[in-house]
Amino acid sequence: MTSTKEPSLFPAAPARTLEPAVLARSLLAWYDSHRRVLPWRAPAGRTADPYHVWLSEIMLQQTTVVTVGPYFEAFLKRWPTVADLAAADLDAVLHAWAGLGYYARARNLHKCAQAVAGSHGGHFPDTEEGLRQLPGIGAYTAAAVAAIAFDRRATVLDGNVERVMARLFAVEEPLPGSKEKLRVLADTITPDRRPGDYAQAVMDLGATVCVPRKPRCGQCPWHDGCAARAAGIAETLPRKTPKADKPTRRGMAFWLLNPEGAVLLRRRPESGLLGGMIEVPSGDWLERPAQSLAAAGIQAPAAAKWRLLPGLVRHTFTHFHLELQVAAARVGGDSWKAAEGIWVPVDRLSDHALPTVMMKVVRHALGASEPSGGVF
DNA sequence: AAAGCGTGGCC
DNA sequence: TGGCCAAGCTT
C-alpha cells in the first residue's frame with residue numbers, strides 16, 4: 001500500500017526564497033561536516049599545491065574521481081613538480097596517460113607545463129584570466145584552479161554545478177542553451193569568503209547529493225530553497241537537447257609479426273582521433289558494411305599472407321561505434337625490415353602509449369593465436 | 001558555434 | 001544492453 005511517490009497525498013513543501021549569503025553559508029557548513037578526502041585535496045584550512053590542483057582538474061575533465069585516482073598518484077610520483085613534467089618527453093606523458101582518454105589533454109598538459117616552467121618561472125598564474133591563456137585550460141578549469149589553489153572568488157560551472165543550479169532555480173530550458181543563465185545564477189551565489197571551499201562544496205554537492213538520478217533531497221543543505229524539489233521535478237532537470245545518434249564505422253586492423261616475435265605498430269597523426277598515440281596499423285574507418293580482406297588488404301602495411309581472425313573488436317567513442325576486424329600475418333626473410341612503423345616484442349607492448357581500443361585489438365589477436373584464449 | 005574528442009560504470 | 005553520465009577544451 002505504501003507508495004514510493006509522495007506528491008499526491010503529501011505535497012512537497014514549497015520552496016523558500018533564500019538569500020545568496022544564506023545559501024553559501026549553509027553549503028559551507030555542510031561541506032565542513034561532509035568533506036571528502038581526495039588525493040589532490042589539501043587538509044582543511046589549507047590551500048592545495050597549484051600543480052596538484054591543476055593536474056587533477058585536467059584529469060577530471062569528463063572523467064570520474066575513481067578513474068583519475070591512480071593516474072594522479074602515478075603522475076605525481078613520477079613528476080613531483082611542474083618543472084619535472086615540463087622536462088619529460090611527450091611520449092612518456094602520452095604513455096602514462098594511456099587509458100584515460102581524450103588524449104589532447106595529455107598533449108596540452110605537457111605544453112602547459114612547459115609554459116609554466118618556462119615563461120612563468122615555474123609558478124602558475126594566480127588569476128582566472130592568466131590561467132585561461134594556458135593550453136588545455138578553459139573557462140571551468142581556470143575558475144577551479146583560481147578558486148581552489150589561490151582562494152580567489154571565481155564561479156566554477158561544470159556538469160555538477162549546472163545540474164545543481166538548474167534544480168535550485170527550476171530552470172526548465174534545456175542545455176546547452178541555458179548554460180549562460182546557469183552561469184549567472186551560479187555567480188550570484190558564489191561568496192567572497194572561502195571561495196575555494198565553496199567551489200569544491202558545490203561540486204561535491206552535485207557529485208554526492210544532487211546526483212543525476214534519484215537525488216538525495218533529504219540530505220541536501222539547500223532542500224528548503226530548492227524550486228525543482230518543491231515542484232517535484234528535480235530528477236527531470238537539467239533538461240538537455242537530444243544528441244544525434246552515433247553512426248557505426250568499420251575498419252580492418254593488421255596484426256603483423258616478424259620472425260623475432262615482434263609486432264608492427266605505428267604512431268597516429270598528432271591531431272584528431274587518438275592523436276599522437278600508438279596503434280596497430282589499420283585502414284580507414286568508414287560507414288559502410290564490413291570490408292572484405294581483399295578490399296582492405298590494399299591498406300595493409302606490408303605484402304603478406306593475411307588471414308582474417310574470427311570475431312570483431314567493438315569499441316564506442318564519444319561520437320561513433322567502431323567495429324574492427326583483425327587480419328593477421330607473419331613475415332619472413334628480410335622484407336619486413338622495410339615496413340613503416342616500430343617493431344615491438346609482444347611482451348613489451350605495455351611500454352607504449354596504446355589507447356584502450358588498441359589494447360582490445362591486441363587482446364583479440366593474442367587470444368586468437370592461443371587456443372586457451374577463447375575463440376577456439 | 002557545432003562538432004570532434006575516450007573511456008568505464010551504471011541501471 | 002544501450003544510452004547516459006563524468007570536476008570540458010579546441011577548432
Side-chain angles (χ1 to χ4, degrees), chain A residues 36 38-41 48 52-72 94 97-109 111-112 131-149 154-164 175-177 179-180 183 186 196 198-208 210-214 235-236 238-249 268-277 279 285 314-322 353-360:
Chain A
R36 291 192 292 168
L38 299 173
W40 43 86
R41 190 167 274 182
H52 299 187
V53 175
W54 163 75
L55 179 60
S56 67
E57 289 299 341
I58 300 297
M59 288 183 166
L60 285 163
Q61 290 168 5
Q62 302 287 279
T63 310
T64 59
V65 165
V66 172
T67 301
V68 165
Y71 283 88
F72 177 81
L94 288 175
W97 195 274
L100 253 193
Y102 285 139
Y103 298 100
R105 289 186 295 172
R107 297 192 298 276
N108 285 330
L109 186 84
K111 262 190 227 161
C112 183
L131 288 159
R132 186 66 184 77
Q133 303 307 313
L134 292 165
I137 298 187
Y140 162 74
T141 305
V145 174
I148 298 170
T155 300
V156 293
L157 188 70
D158 70 334
N160 289 305
V161 181
E162 288 173 355
R163 183 171 57 256
V164 170
L175 284 165
K179 184 161 179 160
E180 270 315 302
R183 184 188 306 283
Y198 175 84
Q200 295 173 87
V202 68
M203 289 190 286
D204 271 16
L205 185 71
T208 64
C210 196
V211 292
R213 280 169 303 195
K214 300 189 187 305
E235 190 163 5
T236 73
R239 297 189 182 152
K240 300 192 177 182
T241 56
K243 291 165 187 161
D245 292 347
K246 291 178 167 100
T248 297
R249 298 185 191 169
R268 293 179 61 84
E270 289 303 312
S271 64
L273 187 68
L274 307 176
M277 302 296 283
E279 68 168 358
W285 299 348
R314 297 176 188 278
H315 190 79
T316 299
F317 294 97
T318 304
H319 51 298
F320 67 93
H321 304 288
L322 179 65
L354 287 157
T356 296
V357 61
M358 291 302 154
M359 290 307 294
K360 289 185 183 178

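Protein chains get the first letters and strands the later ones, always in sequence-line order, with residue 1 at the start of each.
- Nearest nucleotide to the A/Ala207 side chain, out of B/dG8, C/dC5, C/dA7: C/dA7.
- Cation-pi geometry between A/Arg105 and A/Trp54 is not met: the NZ or CZ atom fails to fall both under 6.0 Å from the ring centre and inside 45° of the normal.
- In this structure, A/Trp40 reaches the bases: a heavy-atom distance under 4.0 Å links it to at least one base atom across the strands shown.
- Among the nucleotides C/dA7, C/dC9, B/dT7, the one closest to the side chain of A/Thr141 is C/dC9.
- Rounded to whole Å, the distance from CZ on A/Arg314 to P on C/dT1 is 11 Å.
- Checking the phosphate oxygens (OP1, OP2) of C/dG8, a side-chain nitrogen or oxygen of A/Gln62 falls inside 4.0 Å.
- Set against C/dT10, B/dC5, C/dC5, the side chain of A/Tyr102 has B/dC5 as its closest nucleotide.
- The side chain of A/Pro212 lies closest to C/dC5, out of C/dC5, C/dG3, B/dT7.
- The nearest whole Å value for the distance from the CG atom in A/Leu100 to the P atom in C/dA7 is 15 Å.
- Here A/Arg36 lies in heavy-atom contact (under 4.0 Å) with a base.
- Ion pair A/Arg41/A/Asp204 flagged as a salt bridge, since at least one NZ, NE, NH1 or NH2 atom sits closer than 4.0 Å to an Asp/Glu carboxylate oxygen.
- At B/dT7, one or more side-chain N or O atoms of A/Tyr103 fall inside 4.0 Å of OP1 or OP2 (strictly under the cut-off).
- For A/Arg213, whose side chain is taken as the heavy atoms from C-beta onward, the closest listed nucleotide among B/dG6, B/dC11, B/dG8 is B/dC11.
- At least one side-chain nitrogen or oxygen of A/Thr356 sits closer than 4.0 Å to the OP1 or OP2 atom of B/dG8.
- You'll find that the side chain of A/His321 is closest to C/dG3, out of C/dC5, B/dG6, C/dG3.
- Here B/dG4 is the nucleotide among C/dA6, B/dG4, C/dA7 with the atom lying nearest to any side-chain atom of A/His319.
- Remark: P of C/dA7 and CG of A/Asp158 are 6 Å apart, rounded to the nearest angstrom.
- A donor-acceptor contact under 3.5 Å is not formed by the side chain of A/Thr67 with the base of B/dG9.
- Residue A/Ala199 is classed as having no contact, given no heavy-atom separation below 4.0 Å to the nucleic acid.
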Let's go through A/Gln61 and A/Tyr140 carefully: what are the C-alpha distance in whole Å and the side-chain angles of both, what is the deciding distance for side chain to side chain donor-acceptor pair (under 3.5 Å) to 0.1 Å, and is it a yes or a no? CA-CA 9 Å; A/Gln61 290 168 5; A/Tyr140 162 74; over 6 Å; no
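- As judged by a 4.0 angstrom heavy-atom cut-off over every strand, A/Val357 is placed among residues touching the sugar-phosphate backbone only.
- When the P atom is used for both C/dA7 and B/dC5, the distance is 23 Å, rounded to whole Å.
- At the heavy-atom level, A/Leu38 lies under 4.0 Å from base atoms of the strands shown.
- Taking only side-chain atoms of A/His315, from C-beta outward, the nucleotide of C/dA7, B/dG6, C/dC9 with the closest atom is B/dG6.
- Atom CZ of A/Arg314 is surrounded by 12 or fewer heavy atoms from other residues, nucleotides or ligands within 6.0 Å.
- The CE-P distance, from A/Met277 to B/dC5, rounds to 15 Å in whole Å.
- Only the C1' atoms considered, C/dC5 is 13 Å distant from B/dG6, to the nearest whole Å.
- Within the 4.0 angstrom heavy-atom criterion, no nucleotide atom of any strand lies near A/Gly275.
- Rounding to the nearest 0.5 angstrom, the gap separating the CG atom in A/Leu322 from the CZ atom in A/Phe317 is 5.5 Å.
- Contact annotation: side chain of A/Thr64 to base of B/dG8, donor-acceptor pair absent below 3.5 Å.
- Atom CE of A/Met358 is separated from atom P of B/dG6 by 11 Å (rounded to the nearest Å).
- In this structure, A/Asp245 atom CG and C/dG2 atom P are separated by 13 Å, rounded to whole Å.
- If you take NZ of A/Lys243 and P of C/dG3, they are 12 Å apart, rounded to a whole angstrom.
- Contact check, A/Arg163 against C/dA6: a side-chain N or O comes under 4.0 Å of OP1 or OP2.
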Under the criterion side chain to side chain donor-acceptor pair (under 3.5 Å), I'd like the reasoning laid out for A/His319 against A/Lys246: C-alpha separation, chi angles, the key distance, then a yes or no. CA-CA 5 Å; A/His319 51 298; A/Lys246 291 178 167 100; over 6 Å; no
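- Rounded to an integer number of Å, the gap from A/Phe320 CZ to B/dG4 C1' is 10 Å.
- Heavy-atom nearest nucleotides on DNA chain C were determined for A/Pro238 and for A/Asn108, and the one closer to the 5' end corresponds to A/Pro238.
- Salt-bridge check for A/Arg213 with A/Glu235: failed, with every basic side-chain N at 4.0 Å or more from each acidic carboxylate O.
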